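Worksheet: the structure to be examined is printed underneath.
Here, residue 1 is the first one in the sequence, and each next residue gets the next number. Just so it is clear, the structure is predicted and the values come from calculations on it, not from any experiment.
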Amino acid sequence: MRAQKQGLVTRGRFNFGRYDAPFALINPLDAQPFALPVPSVVRDLRLKEWQAFQFANERYYTNIALFNTKALALVQVKVFDRQERKKYLFEKRVPPWSFRAPSQLLDSAMRYDGDGCHVMFENRLANGYIDIEFDTPVTSDCPALSGRVRALYEGHTPLVVAIPFGENRGMYSHKGLAPIEGELSIGSQRITYSPQDSYVTMDDHRGYYDYVMRWDWLTSGRFDNGTLFGFNLTHNASIDPSRFNENALWIDGIIHE
């Protein structure tokens with residue numbers, strides 16, 4: 001997959017806009033997003049960052065996230081069985097230094113390991129895929145959950161945005177829709193994913209949000225007669241939402257505004 005030649009931030013300024021390829025460098029800490037210059041350690045404390053993947057077939061929906069607000073960080077694995085109307089949830093609060101988001105998605109990794117829990121996102125968009133793997137321990141209300149899934153992004157156009165919340169303060173997100181292959185285990189139950197009937201959505205995210213973070217987000221997908229459809233709709237703190245937004249439709253890998 002080709003990448004933008006420029007980084008997210010150039011000479012201290014966000015490159016606000018919508019793009020159809022990943023940034024070569026995701027460097028929000030190089031910006032001065034506030035009215036007065038502040039040191040990088042303060043900017044880092046205000047920067048929210050996460051990677052999250054949602055994959056599904058007709059029966060199972062799974063959400064995997066490594067979420068870091070810098071006040072705390074969260075490891076989350078959530079599975080919903082549509083047929084049984086049952087949710088399985090593993091959630092663990094961890095110190096904010098437990099993981100950091102990667103500086104690019106072409107060849108990188110984001111991971112957490114601790115207390116019998118393992119979550120890793122191997123970002124290999126330079127080769128057209130991302131590998132997602134996770135193992136969680138048994139808890140009082142959830143069986144062990146594990147999965148090995150490959151998201152097949154080759155030939156599928158992402159939605160990459162840098163959205164202004166102020167003159168030089170904003171957010172970045174890389175969202176995408178693609179078929180997947182792999183397996184999910186819920187206790188002793190094993191589910192197989194096929195690129196013909198299973199898909200993934202993703203959100204790689206950095207943002208200088210207000211102290212109270214607010215946004216509405218809706219994303220979904222499905223296969224219909226062998227064609228993968230999906231969409232993303234977001235209402236956030238964009239100062240010009242008609243121009244800077246994350247609203248898009250995917251049809252068979254092609255993105256439409």
Side-chain angles (χ1 to χ4, degrees), residues 44-45 47-103 105 107-125 129-153 174-176 178-195 197-206 213 217 219-221:
D44 189 27
L45 288 172
L47 183 67
K48 317 303 181 186
E49 52 186 23
W50 64 85
Q51 269 196 284
F53 295 85
Q54 306 81 32
F55 51 90
N57 59 16
E58 284 295 319
R59 177 168 176 179
Y60 294 96
Y61 169 89
T62 302
N63 179 75
I64 317 293
L66 294 175
F67 185 88
N68 194 344
T69 71
K70 307 303 169 64
L72 61 87
L74 185 69
V75 180
Q76 186 183 78
V77 179
K78 182 190 302 181
V79 181
F80 182 67
D81 182 342
R82 293 186 178 98
Q83 181 173 306
E84 299 295 330
R85 308 296 297 174
K86 186 172 183 179
K87 181 173 72 174
Y88 304 91
L89 175 63
F90 175 87
E91 197 168 75
K92 180 179 178 64
R93 293 188 176 187
V94 299
W97 54 83
S98 298
F99 50 79
R100 294 301 304 260
S103 62
L105 298 178
D107 186 12
S108 66
M110 186 176 184
R111 67 183 296 161
Y112 171 78
D113 290 284
D115 298 325
C117 174
H118 166 74
V119 176
M120 183 167 67
F121 308 137
E122 285 198 37
N123 307 297
R124 302 288 182 257
L125 286 185
Y129 68 90
I130 294 178
D131 282 341
I132 305 155
E133 60 180 53
F134 58 93
D135 299 281
T136 68
V138 177
T139 66
S140 60
D141 56 359
C142 184
L145 304 172
S146 66
R148 301 291 183 272
V149 170
R150 173 164 290 188
L152 305 169
Y153 284 104
H174 177 124
K175 290 182 167 68
I180 60 170
E181 59 186 11
E183 292 183 343
L184 166 71
S185 294
I186 306 172
S188 60
Q189 183 180 7
R190 193 163 78 174
I191 298 98
T192 300
Y193 293 105
S194 163
D197 61 13
S198 307
Y199 70 91
V200 63
T201 61
M202 70 172 288
D203 184 21
D204 182 61
H205 208 109
R206 318 282 186 278
M213 299 170 62
W217 180 29
T219 187
S220 188

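Contact detail for Val94 and Leu74: the closest heavy-atom pair is CG2-N, 4.5 Å. In terms of heavy-atom proximity, Ile186 sits nearest to Pro143 at CG2-CG, 3.9 Å. In terms of heavy-atom proximity, Tyr193 sits nearest to Ala56 at CE2-C, 4.3 Å. Considering all non-hydrogen atoms of both residues, Pro179 and Pro195 come closest at CB-O, 3.5 Å. Between Val138 and Ala144, the closest heavy-atom pair is CG2-N, 3.7 Å. Nearest heavy atoms, Ala73 versus Pro96: CB-CA, 4.0 Å.
Separation of atoms OG (Ser108) and CD (Gln51) is listed at 6.5 Å; rounding is to 0.5 Å. Atom CE in Met120 sits 3.5 Å away from atom CD in Glu133 (nearest 0.5 Å). To the nearest 0.5 Å, the span separating OG on Ser98 from CZ on Arg93 amounts to 13.5 Å. Of the inter-residue distances, the one linking Ile130 atom CD1 with Ile180 atom CD1 reads 12.5 Å to the nearest 0.5 angstrom. Distance CG/Asn68 to OH/Tyr112: 12.5 Å, rounded to 0.5 Å. Summarising the geometry, atom CD belonging to Gln54 is positioned 9.0 Å from atom CD1 belonging to Ile64; distances are rounded to the nearest 0.5 Å.
Side chains of Trp217 and Asp203 form a contact here, defined as non-hydrogen atoms less than 4.5 Å apart. By the 4.5 Å heavy-atom criterion applied to side chains, Thr201 and Lys175 are not counted as neighbours. Using a 4.5 Å cut-off on side-chain heavy atoms (C-beta onward), Val149 and Val200 make no contact. Side-chain contact between Asn57 and Ile191 is present, with heavy atoms from C-beta onward closer than 4.5 Å. Between Leu89 and Gln76 there is a side-chain heavy-atom pair separated by less than 4.5 Å. Proximity of Lys78 to Lys87: side-chain heavy atoms (C-beta onward) are separated by under 4.5 Å at one or more points. Using a 4.5 Å heavy-atom threshold, the side chains of Phe121 and Met202 count as separate.
Pairs engaging residues 62-99 under the ring-ring contact (aromatic ring centres under 6.0 Å, His included) rule: Trp50-Phe67 [sequence neighbours left out].
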Exercise for review: Please lay out, stage by stage, how His174 and Leu105 fare under the test side-chain contact (heavy atoms from CB on, under 4.5 Å).
Suggested key: CA-CA 9 Å; His174 177 124; Leu105 298 178; 3.7 Å; yes
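More than 12 heavy atoms of other shown residues, nucleotides or ligands fall within 6.0 angstrom of atom CZ in Arg59. Heavy-atom neighbours of Glu183 CD from other residues, nucleotides or ligands within 6.0 Å: above the threshold of 12. For Lys70, the NZ atom counts as densely surrounded, since its 6.0 Å shell holds more than 12 non-hydrogen atoms of other residues, nucleotides or ligands.
Between Arg100 and the choices Arg111, Glu49, Met110, the side-chain contact (heavy atoms from CB on, under 4.5 Å) rule is met once, by Glu49. His118 pairs in a side chain to side chain donor-acceptor pair (under 3.5 Å) with only one of the listed residues (Thr136, Asp135, Asp113), which is Asp113.
Asp131 and Arg124 are not joined by a salt bridge, as no carboxylate oxygen comes within less than 4.0 angstrom of a charged side-chain nitrogen.
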